[in-house]
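These notes concern the structure reproduced below.
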Amino acid sequence: MSYLEEERFDGMLLSFAQQCQGIDPLLDNVFSFLRRKTDFFTGAGADKAKETVLRSFDKHMSLAEKTKSEKKKKSDEEEQRALKRREAARKKSEEEAAKKKKKASLAAAGESAAVEASSESEATKADGVTEMDADGSFDATEKEKENATPATKGAPKKKDKDDDDDSKDDDDGPKPVGN
(Lines give C-alpha, C1' and ligand atoms only; values in the text may rest on other atoms or scores of the structure.)
Protein backbone atom coordinates (compact mmCIF):
# COMPACT_ATOMS: atom_id res chain seq x y z
CA MET A 1 0.00 0.00 0.00
CA SER A 2 1.51 3.33 -1.05
CA TYR A 3 1.77 6.37 1.15
CA LEU A 4 -0.99 8.17 -0.76
CA GLU A 5 -3.29 5.17 -0.46
CA GLU A 6 -2.67 5.03 3.29
CA GLU A 7 -3.64 8.69 3.68
CA ARG A 8 -6.68 8.51 1.43
CA PHE A 9 -9.13 8.02 4.33
CA ASP A 10 -7.21 9.94 7.01
CA GLY A 11 -9.57 12.92 7.11
CA MET A 12 -12.67 10.75 7.49
CA LEU A 13 -11.04 8.37 9.98
CA LEU A 14 -9.66 11.25 12.05
CA SER A 15 -13.14 12.72 12.31
CA PHE A 16 -14.47 9.25 13.22
CA ALA A 17 -11.75 8.82 15.91
CA GLN A 18 -12.55 12.22 17.40
CA GLN A 19 -16.23 11.38 17.61
CA CYS A 20 -15.48 8.04 19.27
CA GLN A 21 -13.32 9.75 21.91
CA GLY A 22 -10.82 6.94 22.42
CA ILE A 23 -9.32 3.75 21.00
CA ASP A 24 -11.65 1.24 22.68
CA PRO A 25 -14.86 2.90 21.40
CA LEU A 26 -13.27 3.26 17.93
CA LEU A 27 -12.43 -0.44 17.69
CA ASP A 28 -15.83 -1.34 19.10
CA ASN A 29 -17.49 0.70 16.35
CA VAL A 30 -15.30 -0.85 13.62
CA PHE A 31 -16.09 -4.40 14.74
CA SER A 32 -19.76 -3.46 15.13
CA PHE A 33 -19.76 -2.27 11.53
CA LEU A 34 -18.05 -5.49 10.37
CA ARG A 35 -20.61 -7.59 12.31
CA ARG A 36 -23.66 -5.70 11.08
CA LYS A 37 -22.76 -4.87 7.47
CA THR A 38 -20.38 -7.65 6.36
CA ASP A 39 -19.95 -11.40 6.72
CA PHE A 40 -16.58 -10.92 8.47
CA PHE A 41 -17.59 -12.95 11.53
CA THR A 42 -19.96 -15.48 9.90
CA GLY A 43 -18.48 -16.01 6.44
CA ALA A 44 -15.19 -17.79 7.10
CA GLY A 45 -15.39 -18.63 10.78
CA ALA A 46 -13.99 -17.27 14.03
CA ASP A 47 -10.46 -18.60 13.50
CA LYS A 48 -10.15 -16.99 10.08
CA ALA A 49 -11.49 -13.66 11.43
CA LYS A 50 -8.97 -13.69 14.31
CA GLU A 51 -6.16 -14.59 11.91
CA THR A 52 -7.11 -11.69 9.60
CA VAL A 53 -7.24 -9.19 12.49
CA LEU A 54 -3.95 -10.43 13.98
CA ARG A 55 -2.19 -10.39 10.58
CA SER A 56 -3.22 -6.75 10.06
CA PHE A 57 -2.31 -5.93 13.68
CA ASP A 58 1.15 -7.56 13.33
CA LYS A 59 1.82 -5.75 10.05
CA HIS A 60 1.06 -2.33 11.51
CA MET A 61 2.80 -3.09 14.81
CA SER A 62 5.95 -3.96 12.84
CA LEU A 63 5.69 -0.72 10.85
CA ALA A 64 5.17 1.31 14.03
CA GLU A 65 8.25 -0.26 15.67
CA LYS A 66 10.32 0.38 12.54
CA THR A 67 9.22 4.04 12.47
CA LYS A 68 9.95 4.40 16.18
CA SER A 69 13.47 2.95 15.80
CA GLU A 70 14.19 5.23 12.81
CA LYS A 71 13.08 8.27 14.79
CA LYS A 72 15.24 7.20 17.74
CA LYS A 73 18.21 6.66 15.44
CA LYS A 74 17.77 10.14 13.92
CA SER A 75 17.40 11.63 17.38
CA ASP A 76 20.56 9.87 18.59
CA GLU A 77 22.50 11.02 15.52
CA GLU A 78 21.35 14.61 16.03
CA GLU A 79 22.32 14.38 19.69
CA GLN A 80 25.79 13.11 18.69
CA ARG A 81 26.21 15.98 16.21
CA ALA A 82 25.16 18.47 18.88
CA LEU A 83 27.60 16.89 21.33
CA LYS A 84 30.42 17.14 18.78
CA ARG A 85 29.55 20.80 18.09
CA ARG A 86 29.60 21.58 21.82
CA GLU A 87 32.92 19.73 22.23
CA ALA A 88 34.45 21.60 19.27
CA ALA A 89 33.25 24.92 20.68
CA ARG A 90 34.71 24.05 24.09
CA LYS A 91 38.07 23.10 22.54
CA LYS A 92 38.11 26.27 20.47
CA SER A 93 37.47 28.44 23.52
CA GLU A 94 40.20 26.60 25.44
CA GLU A 95 42.64 27.11 22.56
CA GLU A 96 41.78 30.81 22.36
CA ALA A 97 42.29 31.17 26.11
CA ALA A 98 45.65 29.39 25.84
CA LYS A 99 46.66 31.68 22.95
CA LYS A 100 45.71 34.77 24.95
CA LYS A 101 47.66 33.50 27.96
CA LYS A 102 50.69 32.71 25.78
CA LYS A 103 50.45 36.10 24.09
CA ALA A 104 50.32 37.83 27.48
CA SER A 105 53.33 35.89 28.73
CA LEU A 106 55.24 36.68 25.52
CA ALA A 107 54.34 40.34 25.87
CA ALA A 108 55.61 40.33 29.44
CA ALA A 109 58.77 38.53 28.33
CA GLY A 110 59.13 40.97 25.42
CA GLU A 111 59.01 43.96 27.76
CA SER A 112 61.80 42.55 29.91
CA ALA A 113 63.80 41.71 26.76
CA ALA A 114 63.26 45.26 25.47
CA VAL A 115 64.60 46.68 28.75
CA GLU A 116 67.66 44.46 28.47
CA ALA A 117 68.12 45.38 24.82
CA SER A 118 67.90 49.11 25.53
CA SER A 119 70.53 48.86 28.24
CA GLU A 120 72.77 46.89 25.85
CA SER A 121 72.21 49.40 23.04
CA GLU A 122 73.10 52.28 25.34
CA ALA A 123 76.34 50.55 26.17
CA THR A 124 77.20 50.01 22.51
CA LYS A 125 76.19 53.56 21.57
CA ALA A 126 78.80 54.77 24.01
CA ASP A 127 81.34 52.85 21.91
CA GLY A 128 80.16 54.62 18.73
CA VAL A 129 78.45 51.53 17.29
CA THR A 130 74.78 51.63 16.39
CA GLU A 131 73.01 48.32 16.58
CA MET A 132 69.56 47.26 15.54
CA ASP A 133 66.84 47.71 18.17
CA ALA A 134 64.46 44.95 19.25
CA ASP A 135 61.85 46.25 16.79
CA GLY A 136 64.31 46.05 13.88
CA SER A 137 65.07 49.76 13.51
CA PHE A 138 68.34 51.64 13.86
CA ASP A 139 68.08 54.63 16.15
CA ALA A 140 71.13 56.86 16.23
CA THR A 141 71.61 59.39 18.99
CA GLU A 142 71.90 63.09 18.15
CA LYS A 143 75.62 62.95 18.84
CA GLU A 144 76.07 60.08 16.37
CA LYS A 145 74.03 61.93 13.75
CA GLU A 146 76.30 64.97 14.12
CA ASN A 147 79.47 62.88 13.86
CA ALA A 148 78.22 60.92 10.85
CA THR A 149 79.95 61.76 7.57
CA PRO A 150 77.97 60.86 4.50
CA ALA A 151 79.87 59.65 1.45
CA THR A 152 78.89 62.69 -0.59
CA LYS A 153 79.78 65.25 2.09
CA GLY A 154 82.55 67.51 0.87
CA ALA A 155 82.55 66.09 -2.66
CA PRO A 156 81.70 68.65 -5.30
CA LYS A 157 78.56 68.02 -7.24
CA LYS A 158 79.08 67.59 -10.95
CA LYS A 159 76.86 69.69 -13.09
CA ASP A 160 75.93 68.28 -16.45
CA LYS A 161 74.80 70.43 -19.30
CA ASP A 162 71.61 68.35 -19.40
CA ASP A 163 70.69 69.54 -15.89
CA ASP A 164 70.08 73.04 -17.17
CA ASP A 165 67.69 71.89 -19.90
CA ASP A 166 64.77 70.10 -18.26
CA SER A 167 62.65 70.18 -21.39
CA LYS A 168 64.82 67.56 -23.11
CA ASP A 169 64.16 64.51 -21.00
CA ASP A 170 66.05 61.96 -23.05
CA ASP A 171 64.35 62.76 -26.36
CA ASP A 172 67.34 61.55 -28.35
CA GLY A 173 65.50 58.81 -30.26
CA PRO A 174 62.17 58.40 -32.03
CA LYS A 175 59.00 57.85 -30.05
CA PRO A 176 57.84 54.23 -29.76
CA VAL A 177 55.14 53.12 -32.16
CA GLY A 178 51.62 53.14 -30.78
CA ASN A 179 52.15 55.87 -28.18
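The basis for the numbers below is simple: all heavy atoms, side chains too, and nothing from hydrogens, waters or symmetry mates.
- For the atom pair CE (M61) and CG (L54), the distance works out to 12.0 Å, reported to the nearest 0.5 Å.
- The main-chain N or O of P25 is found under 3.5 Å from a side-chain atom of N29 such that the two form a donor-acceptor pair.
- For the atom pair NE2 (H60) and OG (S62), the distance works out to 10.5 Å, reported to the nearest 0.5 Å.
- Rounded to the nearest 0.5 angstrom, Q19 CD and L26 CG are separated by 10.5 Å.
- In this structure the side chain of E87 reaches within 4.5 angstrom of the side chain of R90, judged on heavy atoms.
- Atoms CG and CG, on D10 and L14 in that order, are 7.5 Å from each other to the nearest 0.5 Å.
- I23 and V30 fall within a single hydrophobic cluster, where Ile, Leu, Val, Met, Phe, Trp and Tyr side chains are chained together by heavy-atom contacts under 4.5 Å.
- With contacts defined as side-chain heavy-atom distances shorter than 4.5 Å, the pair K84/R81 does not qualify.
- Between the CZ atom in R36 and the CZ atom in F31 there is a gap of 13.5 Å [rounded to 0.5 Å].
- By the 4.0 Å N-to-carboxylate-O rule, R85 lies close enough to E78 to be salt-bridged with it.
- Counting only distance, with no hydrogens or angles, the side chain of S56 and the backbone of T52 share no donor-acceptor pair below 3.5 Å.
- For the atom pair CG of D58 and CG of L63, the computed distance is 11.0 Å after rounding to the nearest 0.5 Å.
- More than 12 heavy atoms of other residues, nucleotides or ligands lie within 6.0 Å of CG in L83, so this atom counts as buried by the packing criterion.
- Atom CD of E94 sits in a crowded spot, with more than 12 heavy atoms from other residues, nucleotides or ligands closer than 6.0 Å.
- Between R55 and E51, at least one side-chain nitrogen of the basic residue sits less than 4.0 Å from a carboxylate oxygen of the acidic one, meeting the salt-bridge criterion.
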